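Below, chains carry the letters A, B, ... as their sequence lines are ordered, and counting in each starts from 1. Everything numeric here is computed off the predicted structure, so don't read it as measured data.
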Number of protein chains: 2
Amino acid sequence: MEEEVLKLEQQVCFPIYALSREIIQRYHPFLDTLDITYPQYLVLMVLWEHQKQTVNQLGEKLLLDSGTLTPLLKRLELKGLVLRKRSNIDERVVEISLTEAGSAIESEAGCIPGKLVEALGITGEELAELQYSVNKILNKVKKNKLKQ
Amino acid sequence: MEEEVLKLEQQVCFPIYALSREIIQRYHPFLDTLDITYPQYLVLMVLWEHQKQTVNQLGEKLLLDSGTLTPLLKRLELKGLVLRKRSNIDERVVEISLTEAGSAIESEAGCIPGKLVEALGITGEELAELQYSVNKILNKVKKNKLKQ
DNA sequence: CAAAGGTAAATTGTATGCAATATAATTGTG
DNA sequence: CACAATTATATTGCATACAATTTACCTTTG
């Protein structure tokens, strides 16, 4: 009986981990058009909403650290989509902002969420249920993280 | 109005992607004790249940390809936890099985799922709801994958 | 104001992920 | 049986993730 806890389907994380990777794969055809990866798309999404962000602010929103973000942002800079500039007020801080090209592709990206849901073959209701339960747990886990 | 679709919280995938990484981080203290990573733990879990598996079978269950599994399995072999052996019947196939050490740590791992739920600070009910909605979508997406 | 302490990024090293390609073995077919 | 097509892994190359450390720059405090 008790060995049941070590089965794959019953794990807390495996289905989430697998689903995350599956969905990111579905993004590929759409993101390829823009020549960006999924994490790069997330960074751009934050910038489309907030114009300018420090590496730290991006990290807080995306739950990523500088070890991941620094090289990723350098690649976005190379593609000409963002600017990286040391703050004048505090030289430790690097401010990330959009270039014209980076701003421009927002309109091209607008259709992606809709197309993705279609590509996944799920209903709006199923999606809403999933988002609700995932967000609830994510918020709890994030809060719980600060306590540790 | 319509630009709302490009906000982070409303994305299909971001919360799942972030939650997956957060949970895997919570596994760390427990997996460190066994000196294995999370994907390595998943492979062992399949083997604890099925004794012997080909690389392909592992890939189907974990949704990973040989590009990920081959080096991962070599690392597990180096740690002395699994054996990799070409099948006699079909030399293309590599069969993965547990060593004594690999079997032995199953009992040490038995307590991990319980400890993890505790570490996440979520209730059994919340967990059940999450598992239900995630598994439902994952199954749909997996089925949908074959059609493509 | 100088030294200690803290902070923000960058760097280093290791381990995934995964697309694309290569390699080797097996199978199907004329 | 020869040979094309298929299949199972392995390899290559690139892009994350992330722990741990380093570096450079503030900030605080005696």
Side-chain angles (χ1 to χ4, degrees), chain A residues 13-14 17-29 31-32 34-43 53-60 62-79 81-82 84-96 145 148, chain B residues 13-14 17-29 31-32 34-43 53-60 62-79 81-82 84-96 145 148:
Chain A
C13 187
F14 173 70
Y17 159 78
L19 182 58
S20 168
R21 290 184 292 110
E22 286 298 313
I23 298 180
I24 291 173
Q25 280 183 41
R26 296 305 195 290
Y27 270 102
H28 249 119
L31 296 181
D32 282 352
L34 305 179
D35 186 35
I36 54 176
T37 65
Y38 181 70
Q40 291 168 8
Y41 170 65
L42 293 179
V43 167
Q53 290 279 282
T54 69
V55 175
N56 239 343
Q57 288 172 323
L58 286 172
E60 277 169 22
L62 300 175
L63 306 181
L64 293 169
D65 71 4
S66 69
T68 301
L69 285 173
T70 296
L72 187 157
L73 292 168
K74 285 182 179 174
R75 285 188 284 271
L76 279 179
E77 189 184 34
L78 265 178
K79 290 180 205 277
L81 299 175
V82 306
R84 297 166 64 244
K85 185 183 170 307
R86 290 270 165 194
S87 162
N88 294 324
I89 297 122
D90 185 339
E91 285 280 335
R92 291 170 305 180
V93 174
V94 171
E95 293 168 336
I96 311 297
K145 187 182 196 175
Q148 308 293 318
Chain B
C13 187
F14 173 69
Y17 158 79
L19 182 58
S20 167
R21 290 184 293 111
E22 285 299 311
I23 297 179
I24 291 173
Q25 280 184 39
R26 297 303 196 291
Y27 269 102
H28 249 119
L31 296 180
D32 282 351
L34 304 178
D35 186 34
I36 55 176
T37 65
Y38 182 72
Q40 290 168 9
Y41 170 65
L42 292 178
V43 167
Q53 290 279 283
T54 69
V55 174
N56 237 344
Q57 289 172 321
L58 286 172
E60 277 169 22
L62 300 175
L63 306 181
L64 292 169
D65 71 3
S66 70
T68 301
L69 284 172
T70 297
L72 187 156
L73 292 167
K74 284 182 178 174
R75 285 187 285 270
L76 280 178
E77 189 183 35
L78 266 178
K79 290 180 205 275
L81 298 176
V82 307
R84 297 167 63 245
K85 187 185 170 306
R86 291 268 165 197
S87 161
N88 294 324
I89 297 120
D90 185 340
E91 285 280 335
R92 291 171 304 180
V93 174
V94 171
E95 292 167 337
I96 311 297
K145 188 182 195 173
Q148 310 290 322

(message) Using the side-chain contact (heavy atoms from CB on, under 4.5 Å) criterion, which residues pair with A/Arg86? Sequence neighbours excluded.
(response) A/Glu91, A/Val94
(message) Taking only side-chain N and O atoms of A/Tyr17, does any of them lie within less than 4.0 angstrom of OP1 or OP2 on C/dG17?
(response) yes
(request) Just jot down the salt bridge (Lys or Arg N to Asp or Glu O under 4.0 Å) partners of B/Asp90, sequence neighbours excluded, or say none. (result) B/Arg92
(request) If a protein heavy atom is under 4.0 Å from the base, mark B; if only from the sugar-phosphate, S; if neither, -; do that for nucleotides 7-13 of chain C going 5' to 3'. (result) BSBBB--
(message) Applying a 4.0 Å non-hydrogen cut-off, can you work out what B/Ile24 is touching in the nucleic acid: base, sugar-phosphate, or nothing?
(response) nothing
(message) A/Arg75: which residues meet the side-chain contact (heavy atoms from CB on, under 4.5 Å) condition with it, sequence neighbours left out?
(response) A/Gln40, A/Pro71, A/Leu72
(message) Please identify the 5'-most and 3'-most nucleotides of DNA chain D with any atom under 4.0 angstrom from a heavy atom of chain B.
(response) D/dT7 to D/dA19
(request) Mind checking side-chain contact (heavy atoms from CB on, under 4.5 Å) for B/Glu60 and listing every partner two or more places apart, or none if nothing turns up? (result) none
(message) Regarding B/Ile89, tell me which of base, sugar-phosphate or nothing describes its non-hydrogen contacts under 4.0 Å with the strands shown.
(response) sugar-phosphate
(request) Identify, with sequence neighbours excluded, every residue that meets salt bridge (Lys or Arg N to Asp or Glu O under 4.0 Å) alongside A/Glu95. (result) A/Lys52
(message) Using the side-chain contact (heavy atoms from CB on, under 4.5 Å) criterion, which residues pair with A/Lys74? Sequence neighbours excluded.
(response) A/Thr70, A/Arg84
(request) May I ask you to decide if A/Thr68's main-chain N or O and A/Asp65's side chain share a donor-acceptor pair within less than 3.5 Å? (result) yes
(message) Going by the rule ring pair (Phe, Tyr, Trp, His ring centres under 6.0 Å), which residues pair with B/Tyr17 if we only count those two or more places apart in sequence or in a different chain?
(response) A/Tyr38
(message) Closest-nucleotide mapping onto DNA chain D: is A/Asn88 or A/Arg75 further toward the 5' terminus? I mean the 5' end.
(response) A/Arg75
